[in-house]
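One structure is given below, encoded as structure tokens.
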Amino acid sequence: MELLREMRKFPGNAPGPSLKEIEELEDTFQKYIFYKREKTKTHVITTCCHKDTYIDSIPREETPELRAFRYAKNNSTIICPFCGKEVRAKAAGRVGKNVDEWTVATFITQRKGKLYALNIAAFREGLEKDISAYVRQVGEYTPGHVTTWTRSWYDGKFNEENFSKWIKKGQPEYPKETRTIGWKNIEKTPFRYIPQINYTDTMRALFVAAFYPVQVEMLEKTGCDDFIRDLIENRRKNKIVFDWDAPTAKTAWKVSKEEMRKAKARSVESGATLRHTLTAYAKLRKEEPKTSSDFIFENLYDMATIQNRKPKGVNIPVSKVMRYVNKKKTEFRSNYLVIITWVDYIRAMQKLGRDLEEERVAFPKDLKRAHDEATEEQRLLEERIKAEEDEKRFRENIGKLVARSKKFNFRMGDMFIRVAMSPEEIRQEGKALAHCVGGYAERHIAGRTTILFLRKLEEPNTPLYTVEVDNTGRIVQAHGYHNEWNGELPPMEKYPQFFMAWELWYTHGSKRKKDGTPIVPKLKGVTA
């Protein structure tokens, strides 16, 4: 990376990476020895030691490495005859995009108590022996202050931003990273307690550490670094448990030492993170301050499930539900099944308008039976409401449906096609033919599309084919049972004369005789 080595001035006078750190990045790239054999010599380009030279076909002095190179084939792995590193031999004539490589690394450097992060994109293309690089973003971090310089994609200039406090929105737009180099440079700075997290969040981590160095230290020392990670990765402070603006651990934690001890023990027992355990406990404690901490910790995750799944507007205490679940668990395979069954039951009873403050309503003796009866009653209620809504929409749109019937209803030979006259008709058509037309009912009634039924005169009530026409008069689709999954011809191919005559007729004004017979414009071989 000659360009990076030669750079002496970065935005904000940030110190550049050391030669060793640059070499560390270079080592992440595949090393090649490109060759092109000629009559008396071979042109060689290496990416490991940046050679661009010629080797005689019969060299005066031949080493084992040189001999291996002379007989190497394309893509074989050999030792570079110049520097001794392992490389891949690549014929110059076969070099394509498969040898192009790029990466984005963040170098961490420091000078006089200030920490810097340099986000650098590095890439190599084709036969290039060296790696090119350019700076995308630079960050300067001191306790209580962050300055960033971000390269503009338009003019290449660096835009400076200054921050004097942590903010959830409006943080710098962090470039993507694939690796971090120079993490040891943090060790003698105020940010040394920041956990070495996922390499794609280095600059986010330093942004947090700049404004909360004391809090980061206390969390790291107490084994609670998942709180730090959550703030870095998700910008979530978990305020219900920890106050990031408090100066000491005593004032920062919103749980007692005894609660912390119990939370750690529960986390170890369950395999959950301490943050997850503490936040779940704190939410339950806030909702039910009189419930004992022992009962909450003993049933913590079941209670959290109840709290998260319980329908809004249902004010039944979680602890009361938990005691009911414990009584019913012998009737079910697990507590979880009791909980989701109870939640479904409560949701149904809520929609049915039942009084959930009554003990016998909220906690039935036979939960399975009560659940099945309530959900069935809810289903019937929803179907009735849906039917009433459909009827209302039908009455509101009957005039438009009749108008569409006059335009599209058509008969020819032993077949006829007609407009669907209700949402229920469309849903029944979908069930009978096992396709998805049922979902088109509302759009049809509203006039956003038109659904028609193609049937035989002898069996007018037996579903055969369904047709959709858009508002421009174009036939969008036509299908029969299971959308012809069994290989049967689709209707437009099976009855081409019918569809040709019908489309010609309605696109030319849908004219009829006095007896209602369609008057089809003249077309060879087509009569109505």
Side-chain angles (χ1 to χ4, degrees), residues 305-318 320-321 324-325 327-329 331-401 418-453 455 460-464 466 468 479 481-483:
T305 302
I306 296 168
Q307 187 180 48
N308 294 332
R309 287 178 173 267
K310 190 174 65 171
K312 291 182 179 179
V314 176
N315 299 318
I316 304 171
V318 175
K320 196 170 185 178
V321 180
Y324 176 74
V325 170
K327 289 180 182 178
K328 292 291 176 184
K329 63 185 177 183
E331 301 173 23
F332 293 77
R333 292 196 303 273
S334 66
N335 279 8
Y336 179 74
L337 285 175
V338 183
I339 293 168
I340 60 173
T341 303
W342 181 84
V343 168
D344 282 348
Y345 163 76
I346 290 296
R347 190 175 286 116
M349 296 298 276
Q350 187 184 40
K351 290 182 178 178
L352 291 169
R354 304 297 164 78
D355 184 5
L356 295 175
E357 292 186 5
E358 287 189 32
E359 191 83 9
R360 62 182 182 82
V361 175
F363 303 108
K365 288 184 178 180
D366 190 338
L367 178 59
K368 290 179 181 178
R369 181 178 176 182
H371 167 270
D372 293 345
E373 290 176 352
T375 52
E376 177 62 16
E377 190 176 349
Q378 179 196 349
R379 184 186 67 79
L380 293 172
L381 175 64
E382 289 175 349
E383 284 184 359
R384 187 169 70 251
I385 293 171
K386 184 70 174 173
E388 290 171 359
E389 290 174 351
D390 289 346
E391 181 64 24
K392 182 181 178 182
R393 279 197 297 270
F394 173 72
R395 288 195 300 271
E396 291 172 350
N397 293 280
I398 185 64
K400 294 178 182 178
L401 285 169
R418 71 171 178 84
V419 171
M421 294 303 290
S422 74
E424 183 58 28
E425 265 196 332
I426 296 174
R427 282 192 280 271
Q428 290 301 324
E429 178 91 352
K431 288 180 182 178
L433 296 180
H435 57 41
C436 63
V437 74
Y440 292 66
E442 291 186 7
R443 279 179 279 173
H444 169 75
I445 296 299
R448 295 195 296 274
T449 194
T450 298
I451 302 299
L452 305 104
F453 303 147
R455 295 178 179 178
N461 298 319
T462 302
L464 187 62
T466 313
E468 181 189 4
H479 290 294
Y481 184 72
H482 252 308
N483 294 336

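- Contact annotation: the side chain of L401 approaches that of H444 to within less than 4.5 Å [non-hydrogen atoms, C-beta and beyond].
- With values rounded to the nearest 0.5 angstrom, I340 atom CD1 is found 6.5 Å from R309 atom CZ.
- At a threshold of 4.5 Å between non-hydrogen side-chain atoms, the residues T341 and F332 count as touching.
- Looking at P463 and F453, their side chains never come closer than 4.5 Å, going by heavy atoms from C-beta outward.
- Salt bridge present: R418 and E425 bring a charged side-chain N and a carboxylate O closer than 4.0 Å.
- Annotation: salt bridge (Lys or Arg N to Asp or Glu O under 4.0 Å) contacts of R333 (sequence neighbours excluded): none.
- Checked for salt-bridge contact, K386 and E424 miss the test: no charged N lies under 4.0 Å from a carboxylate O.
- Using a 4.5 Å heavy-atom threshold, the side chains of T305 and I339 count as touching.
- Under the 4.0 Å criterion applied to side-chain N and carboxylate O atoms, K368 and E373 are not assigned as salt-bridge partners.
- Taking CZ of R448 as the reference point, atom CZ of R443 lies at 7.0 Å (rounded to 0.5 Å).
- Put simply, the side chain of V419 does not reach to within 4.5 Å of the side chain of I451, judged on heavy atoms.
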| query | For V361 and M349, what are the C-alpha separation, side-chain angles and deciding distance, and is it a side chain to side chain contact (heavy atoms under 4.5 Å, CB included)? | reply | CA-CA 8 Å; V361 175; M349 296 298 276; 3.7 Å; yes

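- Under the side chain to side chain contact (heavy atoms under 4.5 Å, CB included) criterion, S334 pairs with Y336, L337, not counting sequence neighbours.
- Put simply, the side chain of E377 does not reach to within 4.5 Å of the side chain of K351, judged on heavy atoms.
- R455 has a carboxylate O that lies under 4.0 Å from a charged side-chain N of E429, or vice versa, which qualifies the two as a salt bridge.
- In the model, H435 has a side-chain atom that pairs as donor or acceptor with a side-chain atom of T466 under 3.5 Å.
- Contact of the Y345 side chain with the T375 side chain is not registered, since no non-hydrogen atoms from C-beta on lie closer than 4.5 Å.
- For A434 against Y481, the heavy-atom pair with the smallest separation is CB-CE1, 3.9 Å.
- A salt bridge between R347 and D344 is present, with a side-chain N of the basic residue lying under 4.0 Å from a carboxylate O of the acidic one.
- Using a 4.5 Å cut-off on side-chain heavy atoms (C-beta onward), N335 and K328 make no contact.
- Under the 30°/60° scheme for interplanar angles, the aromatic rings of Y324 and F363 are found to be tilted.
- Interatomic distance, CG of N397 versus NZ of K392, reported as 11.5 Å (0.5 Å rounding).
- Within the model, atoms CD1 of I426 and NZ of K431 stand 13.5 Å from one another, a figure rounded to the nearest 0.5 Å.
- The structure places CG of L356 at 6.5 Å from CD of Q350, a figure rounded to the nearest 0.5 Å.
- R379 is linked by a salt bridge (Lys or Arg N to Asp or Glu O under 4.0 Å) to E376, E383, counting only residues two or more places apart in sequence or in another chain.
- The CE atom of M421 sits 8.0 Å away from the CD1 atom of I445 when rounded to the nearest 0.5 Å.
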